[in-house]
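Below, each value reflects all heavy atoms present in this structure, side chains not excepted, and no hydrogens, waters or symmetry copies.
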Amino acid sequence: MSPPINTRHLRRLLGVVLAVALASTLTALVRPTPAAAAPGDLILNGTFDNGSTQPWWTRLASTSTTVNAGQLRVRTSATVGKPVWEDLVGHFEFGVTAAQPYRLQFDAAADVSRSLRVSVSRADTPFTSAVDQSVALTPTMRRFTFDFTSPFGDPKAVLLFHLGGQASSTVRFDNVSLSPLAVDPATDPILYWNGVLLRTYQALDLPPTSSSREAAILHAAMHDAAVSVTGVGNPYRVRVPVSYPGTMDNVVAPSLHAAIDRAAYDVLTALYGGQGQSYTQTLAGAVALRPSGVNTAEAARGDTVGAVAATANLQARANDGSGNNTPYQLDAVPGSWRPTNGKAAVSPNWGLVTPFALTSGRQFRPGLPAGVTGGYADLLGEQEYRDQVQEIRDYGGQTSSLRTPEQTQIAFFWANDLGGTYKPPGQLFSHTRIVSEQRQLGILANARLFGLVALALADAAIAAWDAKYQTPIDLWRPVTAIEAMGGAGWQPLSQDRAGVPYTPAFPAYISGHATFAGAWSAVMKRFFGTDAIAFDATTDDPHAEGVIRRMPGFDHAAEENALSRIYLGVHYRFDADAGLATGRSVGAYVYANRLRP
């Protein structure tokens, strides 16, 4: 945040100040070589154990540095009334990576009580800092530690101790280190706010259509906030300009965490605040997880960036057709969908919603079930249709004797249809979290991965609901078909929390679960470059509480998800097959065309 020196001189400063230091000491030419940094440590000679001051330098020739008893002793110049960066001790040109967490540590003391400002800054304009903090020094040596996440990448960063603006004094330093930290999922703001989203799903009985749309807005905004702060990657909707306002003594870089937090908070509040959800305490929890090196000015700048990212993504969806509540008109012929469990059609116009990446909801529209080209009568006359109805009757009923115990477990494991669960999109987000943590992804990788998954799930819902409602066949559910074929009293395995048979209230073809799963697997295997990543999958369904299933790869998980709907008795096989194919096309398209690195 604080520019150490004039633009014209900074890149040449190391050579200049070292020359001054060497000229001021007759023994300079015989000083020992600086000690190498410890593994992972970016700072050379941070312990000063070999008696050398190299590669540490001072800005002013009148500032002297010596090593005594393994400590760097700095006699500062008298710069009362001048900027703190007028007198500097620093370590020049090491690399930092955007969005990488680091830990800065040092021991320091002074012969008189005084303040010290420390920063890790860009080595060129704009002279923004990854960390900029002030500490109070006393004659007693104390340990100072600051964790931070760099908002930028720079191969020539500089660590600076700002000593100016005060009367001359002697300051001692020891054990200076700057090391990258391992990824900690508990402090990743992308994972944090995705978890908040899943809890919101559980609190509100939302259909998978609107919930997937809202997830896409949330993750696109967080992604855009991260891209805007770091400059890494391509935004979905907006790259917020970051101008670094301030004087030469206070050039403010936005906090990456604050930008993501504010984007998430604003989006969730806009989407769910009217449904009784408050995120004030949630935001406070996010603030508590920020690195200790974030100061108030950086947080304020991050807030500004995040707010703009949130507004841009919310406004882009303001007239996307998601509010179309035109009632569904029943076709009222054999083979056509009719209400199940006494519930009206859910989201009948969702196929007309403006997609997030696709050109339209029909872009990957599958052919009609069983390959028919006519209407309901043609479908009901097909042997394939009758065979598939029989398959559900045999394997998907409450009292099926053919369904194996594992198939029953699979059926409930992937269900998540009921209120209080995180619904199908939530389960796929949960599995994304599991893989992310397993692979130790950082903030930027998670911003992109979750953004891609969210956009793909949102467009998968639009594509699936287009096939359900906007095509010539709005197919009835198995419970209705089996009853029409003489199976009075047959009920699906699917049930609510009280054990009452339950079938989702929208047409069967194509399966939403399968479409979501196909889109998810297509994104995941492209993002990671392989399908062969095993993970332990979890569920939120009350009928599979505590069940964990080992998945050998993403495609296997998607295919098991699709098949589960047959075992549950709510979908036909062609619903699952067409849903998978459609979803995979959606996911591949989203990955190829959005959030490019």
Side-chain angles (χ1 to χ4, degrees), residues 207-217 220 236 316-331 335-337 345-376 378-379 424-425 452-477 504-523 558 562 565 571-572 574-594:
T209 47
S210 61
S211 63
S212 61
R213 169 186 177 270
E214 290 148 3
I217 299 172
Y236 171 70
R317 303 304 300 185
N319 299 297
D320 63 1
S322 58
N324 184 350
N325 294 316
T326 303
Y328 177 68
Q329 300 297 317
L330 295 173
D331 289 343
S336 67
W337 183 83
V346 172
S347 307
N349 308 298
W350 204 261
L352 303 174
V353 169
T354 302
F356 285 79
L358 303 185
T359 58
S360 74
R362 72 178 75 90
Q363 183 174 347
F364 297 111
R365 180 184 287 177
L368 296 176
V372 300
T373 57
Y376 293 104
D378 291 338
L379 175 62
L452 287 167
V453 167
L455 295 175
L457 294 182
D459 277 3
I462 295 169
W465 263 250
D466 168 80
K468 287 178 182 295
Y469 288 109
Q470 304 301 322
T471 59
I473 295 179
D474 299 354
L475 185 60
W476 59 15
R477 288 285 184 163
F506 33 79
Y509 188 83
I510 55 178
S511 164
H513 274 68
T515 312
F516 286 131
W520 174 82
S521 66
V523 167
R565 308 304 280 172
H571 274 291
Y572 313 96
F574 44 51
D575 300 344
D577 293 343
L580 274 176
T582 300
R584 283 168 172 161
S585 295
V586 169
Y589 185 87
V590 169
Y591 185 86
N593 291 280
R594 294 292 185 271

Enquirer: With sequence neighbours left out, what residues match T359 under side chain to side chain donor-acceptor pair (under 3.5 Å)?
Expert: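 With sequence neighbours excluded, T359 shows a side chain to side chain donor-acceptor pair (under 3.5 Å) to Q363, given in chain and number order.
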
Enquirer: What donor-acceptor contacts under 3.5 angstrom involve side-chain atoms of residues 504-511, with partners at least two apart or in another chain?
Expert:
from: Y509; atom 1: OH; to: G367; atom 2: O; distance (Å): 2.5
from: S511; atom 1: OG; to: H513; atom 2: N; distance (Å): 3.4
from: S511; atom 1: OG; to: A514; atom 2: N; distance (Å): 3.0

Enquirer: Output all residues satisfying side-chain contact (heavy atoms from CB on, under 4.5 Å) with P355, sequence neighbours left out; order by chain, then residue number.
Expert: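 Partners of P355 under the side-chain contact (heavy atoms from CB on, under 4.5 Å) test: L358, D459, I462.
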
Enquirer: Output all residues satisfying ring-ring contact (aromatic ring centres under 6.0 Å, His included) with F356, sequence neighbours left out; order by chain, then residue number.
Expert: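 None.
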
Enquirer: Partners of W350 by side chain to side chain donor-acceptor pair (under 3.5 Å), sequence neighbours excluded?
Expert: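 Applying side chain to side chain donor-acceptor pair (under 3.5 Å) to W350 gives none.
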
Enquirer: Do any pairs count as a salt bridge (charged side-chain N to carboxylate O under 4.0 Å, His left out) and have a residue in residues 346-361, sequence neighbours left out, and if so which ones?
Expert: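 Sorted result for residues 346-361: empty, none.
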
Enquirer: Okay, side chain of N593, backbone of A357: is any donor-acceptor separation there less than 3.5 Å?
Expert: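 Absent.
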
Enquirer: Got a donor-acceptor contact below 3.5 angstrom from the T582 side chain to the G579 backbone?
Expert: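 Checked: no pair found.
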
Enquirer: Under the salt bridge (charged side-chain N to carboxylate O under 4.0 Å, His left out) rule, collect the residues that match up with R365, sequence neighbours excluded.
Expert: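 Salt bridge (charged side-chain N to carboxylate O under 4.0 Å, His left out) list for R365, sorted by chain: D466.
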
Enquirer: A side-chain contact here means heavy atoms from C-beta on lying under 4.5 Å apart; do L452 and V590 qualify?
Expert: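 Yes, their side chains come closer than 4.5 Å.
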
Enquirer: List for me each residue that meets side-chain contact (heavy atoms from CB on, under 4.5 Å) alongside D577, sequence neighbours excluded, and say none if there are none.
Expert: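 side-chain contact (heavy atoms from CB on, under 4.5 Å) check on D577 returns R573.
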
Enquirer: Name all residues meeting the side-chain contact (heavy atoms from CB on, under 4.5 Å) criterion together with A576; count only those two or more places apart in sequence or in a different chain, and write none if there are none.
Expert: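 So A576 forms a side-chain contact (heavy atoms from CB on, under 4.5 Å) with A562.
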
Enquirer: Return the set of residues passing side-chain contact (heavy atoms from CB on, under 4.5 Å) with D320 (not counting sequence neighbours), or none when no residue passes.
Expert: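 Counting only residues at least two positions away or on another chain, D320 forms a side-chain contact (heavy atoms from CB on, under 4.5 Å) with R213, R317, S322, V353, T354.
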
Enquirer: Just jot down the side chain to side chain donor-acceptor pair (under 3.5 Å) partners of Y376, sequence neighbours excluded, or say none.
Expert: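 In terms of side chain to side chain donor-acceptor pair (under 3.5 Å), with neighbours along the sequence ignored, Y376 is linked to D331.
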
Enquirer: Would you please name every residue forming a side chain to side chain donor-acceptor pair (under 3.5 Å) with S347, sequence neighbours left out?
Expert: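 Applying side chain to side chain donor-acceptor pair (under 3.5 Å) to S347 gives T209.
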
Enquirer: Compare every heavy atom of Y328 with every heavy atom of P348, then report the nearest pair and how far apart it is.
Expert: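 Residues P348 and Y328, closest heavy atoms: CB-CB, 3.8 Å.
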
Enquirer: Between S521 and R584, which heavy-atom pair has the shortest distance, and what is it?
Expert: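 Of all heavy-atom pairs spanning S521 and R584, the closest is OG-NE, 4.1 Å.
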
Enquirer: Does the side chain of P208 reach to within under 4.5 Å of the side chain of F516, using non-hydrogen atoms?
Expert: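 They are in contact (side-chain heavy atoms under 4.5 Å apart), so the answer is yes.
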
Enquirer: Mind checking whether I473 and V372 have side chains closer than 4.5 Å, heavy atoms only?
Expert: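 Sidechains of V372 and I473: in contact.
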
